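Note that these values count all heavy atoms, side chains included, but never hydrogens, waters or copies made by symmetry. We count residues from 1, following the sequence as given. Note that the structure is predicted; figures quoted are calculated from it, not measured.
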Amino acid sequence: MAAEFTSLESCLEKHLPPKELEEVKRILYGKPVSKLELPEEAFKIAAQGNFELAGYKFDVQEEQMRRPRIVRIGAVQNKIVLPTSSPLANQLSALHARIKEITEAAAMCGVNVICFQECWTMPFAFCTREKHPWTEFAESAEDGQTIKLCQELAKQHNMVIVSPILERDSVHQDKIFNTTVLISNNGSVLGKTRKNHIPRIGDFNESTYYMEGDTGHPVFQTQFGRIAVNICYGRHHPLNWLMYAINGAEFCFNPSATVGALSEPMWPIEARCASIANNYFTVAINRIGTEVFENEFTSGDGKPAHKDFGHFYGSSYVAAPDGSRTPGLSRVNDGLLVTEVDLNLCRQVKDRWCFQMTQRLEMYAKLLTQAVEPGYKPQIVHDEA
């Protein structure tokens, strides 16, 4: 059933009358977003390529002293193309071709910044506990095969590309990291950010493959705004989101790979909460499909061995600083979500809600410094009666 249920939105639209649907959407999604008109040719490519294409825009009040800062964001979710048993080079080539096809549709839609899902160049094999052959997918974040493709696409389409890969750092003894590379719209590599928090939950015990990142919380200044990337499991850590805000992010991507039984009830909440708390746009991207492996593996929880993790449920969406969000993409189909934002909304919401003016960072910095000391005593008031 989990892999067949298309989306919450389609279920609501099917069963609720228009007036009730409008009120339910207001409660679930905040201020309504508008449908974005996209080229008919892009829809034709989507139909031919069998991927969903959806477009929305957040309506923002125009200011008197600042011009609108309009950016179109593309979020891509997709299945792996070939079975996990196929030759690795064929798997990679097929995924490159698929992403190239979707990126070309995004270019037709005027997308300025596009982001792909976590480790999009491979199956999400990290939880099989098999190192080989999967580590062969790791490549350079500076001049690897995938980066060269993204550079070509970025330059061709005048588009910033946010590309999550499995990175092999050959300069530092072939260490492997879960990394996202930022590529400028002029085709140059702006830099990279590595996954800060690594899950150790049942199947998702990813420290078998890579350890916590060492790049901190970089924010990349581009022609289309200041970009941060909070990779997958980092979304469960509020301080991780916070540091990107402190460093000036205007939108923060969260490329992920997570299955329904593990996290789906949290998915619609976390990136949206981060957007509200940090006054930037968030882009939550999850892969889709059920990836089956040749060899069985266990979760270390006493349950029977299995050959898949479960269903990756897609449902990618964009959230705004004012608490509104777009509908999500499908739970079962490849998709491209195009969202038009005005970055001026970030400061407008800061001025209205004053979260940054009232957050008391100096107090928490002092208390956190104390809390990590071995002799720390929690501030608990006991009832002595």
Side-chain angles (χ1 to χ4, degrees), residues 1-16 21 24-25 28-29 32-38 40 42-57 72-81 94-95 98-99 101-106 108-109 111 114-120 123-124 164 232 235 253-272 282-292 308-319 324-340:
M1 177 63 183
E4 298 170 358
F5 184 69
T6 304
S7 70
L8 175 63
E9 292 83 1
S10 61
C11 181
L12 293 173
E13 289 168 3
K14 181 178 179 181
H15 294 289
L16 290 180
L21 179 63
V24 167
K25 284 188 173 181
L28 285 178
Y29 297 146
V33 294
S34 302
K35 282 284 185 76
L36 188 62
E37 289 191 16
L38 300 175
E40 189 60 37
F43 282 107
K44 288 180 182 178
I45 289 178
Q48 292 168 0
N50 193 29
F51 63 89
E52 179 185 3
L53 173 60
Y56 303 96
K57 66 175 180 178
R72 285 198 179 184
I73 300 167
V76 179
Q77 63 178 42
N78 61 278
K79 303 181 184 73
I80 56 173
V81 179
L95 282 164
R98 183 57 164 164
I99 288 301
E101 176 184 31
I102 297 175
T103 301
E104 287 172 354
M108 287 183 181
C109 296
V111 166
I114 194 168
C115 182
F116 312 132
Q117 64 201 24
E118 182 185 18
C119 290
W120 68 269
F124 206 77
C232 196
R235 72 181 180 276
F253 290 97
N254 178 229
S256 298
T258 183
V259 295
L262 182 69
S263 66
E264 195 162 10
M266 297 186 287
W267 179 256
I269 301 168
E270 287 180 297
R272 189 178 179 192
T282 56
V283 186
I285 302 171
N286 185 26
R287 70 168 58 201
I288 60 166
T290 302
E291 301 177 0
V292 180
D308 68 81
F309 310 128
H311 176 66
F312 294 103
Y313 53 81
S315 307
S316 304
Y317 68 95
V318 176
S324 56
R325 55 154 285 185
T326 69
L329 288 176
S330 166
R331 297 180 72 260
V332 297
N333 296 320
D334 287 14
L336 167 63
L337 175 63
V338 179
T339 307
E340 185 174 288

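- Residue Thr326 comes nearest to Val33 through the heavy atom pair CA-CG2, 4.3 Å, listed as atom of the first residue, atom of the second, then distance.
- At distances below 3.5 Å, at least one donor-acceptor pair connects side-chain atoms of Gln77 with backbone N or O atoms of Asn333.
- Side-chain contact check for Asn286 versus Leu329: every heavy-atom pair is 4.5 Å or farther apart.
- Taken to the nearest 0.5 Å, the CD1 atom of Ile45 stands 14.0 Å off from the CG atom of Asn50.
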Task: Residue pair Leu36, Val338: steps toward the side-chain contact (heavy atoms from CB on, under 4.5 Å) verdict - done: CA-CA 8 Å; Leu36 188 62; Val338 179; 3.9 Å; yes
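- Residues Glu9 and Lys14 are not in side-chain contact: their nearest non-hydrogen atoms beyond the backbone lie 4.5 Å or more apart.
- Side-chain contact check for Phe43 versus Gln48: every heavy-atom pair is 4.5 Å or farther apart.
- When only modelled atom types and interatomic distance are considered, Thr258 and Ser263 share a side-chain donor-acceptor pair under 3.5 Å.
- Between Tyr56 and Pro327 the shortest side-chain heavy-atom distance falls below 4.5 Å.
- When all heavy atoms are compared, the tightest approach of Leu53 to Ala46 is CB-CB, 3.9 Å.
- Looking only at side-chain heavy atoms (C-beta outward), Tyr29 and Ser324 stay at 4.5 Å or farther from each other.
- Within 6.0 Å of atom NZ in Lys79, more than 12 heavy atoms from other residues, nucleotides or ligands are found, so the atom counts as buried in its surroundings.
- Inter-residue side-chain proximity for Val283 and Thr339 is flagged as unmet; no heavy-atom pair is nearer than 4.5 Å.
- Separation of atoms CG (Leu12) and NZ (Lys25) is listed at 7.5 Å; rounding is to 0.5 Å.
- What you find for Ala257 and Cys232 is that their closest heavy atoms are N-SG, 3.6 Å.
- Asp308 has its side chain out of reach of Glu291: every pair of non-hydrogen atoms, C-beta onward, lies at least 4.5 Å apart.
- Here the shortest heavy-atom pairing between Pro268 and Pro265 reads CD-O, 3.6 Å.
- Considering CG of Leu336 and CG of Asp334, their distance stands at 10.5 Å, rounded to 0.5 Å.
- Under a 3.5 Å cut-off, the side chain of Arg98 and the backbone N or O of Gly49 do form a donor-acceptor pair.
- No donor-acceptor distance shorter than 3.5 angstrom exists from the side chain of Arg272 to the backbone of Ile269, with no hydrogens or angles considered.
- Ion pairing of Lys57 with Glu37 is absent here, as no side-chain N (NZ or NE/NH1/NH2) approaches a carboxylate O to less than 4.0 Å.
- With a 4.5 Å cut-off on side-chain heavy atoms, Arg287 and Ile80 count as touching.
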Task: Test side-chain contact (heavy atoms from CB on, under 4.5 Å) applied to Val332 and Ile288, step by step - done: CA-CA 6 Å; Val332 297; Ile288 60 166; over 6 Å; no
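- In this structure, Gln117 CD and Ile99 CD1 are separated by 6.5 Å, a value rounded to the nearest 0.5 Å.
- Applying the side-chain hydrogen bond (donor to acceptor under 3.5 Å, both in side chains) test to Ser7 and every residue at least two apart in sequence or in another chain returns Ser10.
- Neither side chain, Ser256 nor Glu118, offers a donor N or O lying under 3.5 Å from an acceptor on the other.
- In this structure, the side chain of His311 engages the main chain of Arg331 through a donor-acceptor pair within 3.5 Å.
- Separating the CG atom in Leu38 from the SG atom in Cys109 is a distance of 4.5 Å, to the nearest 0.5 Å.
- In this structure, CZ on Phe253 lies 9.0 Å from CD1 on Ile114, to the nearest 0.5 angstrom.
- Counting all heavy atoms, side chain and backbone alike, Ala105 lies closest to Phe51 at CB-CZ, 3.8 Å.
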Open item on the list: Using the rule given for side-chain contact (heavy atoms from CB on, under 4.5 Å), can you reason through Asn254 versus Trp267, listing the C-alpha separation, both sets of side-chain angles and the distance that settles it, and then say yes or no?
Closed with: CA-CA 11 Å; Asn254 178 229; Trp267 179 256; 4.1 Å; yes
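- In this structure, Arg325 is positioned above the aromatic face of Tyr317, its NZ or CZ under 6.0 Å from the six-membered ring centre and within 45° of the axis.
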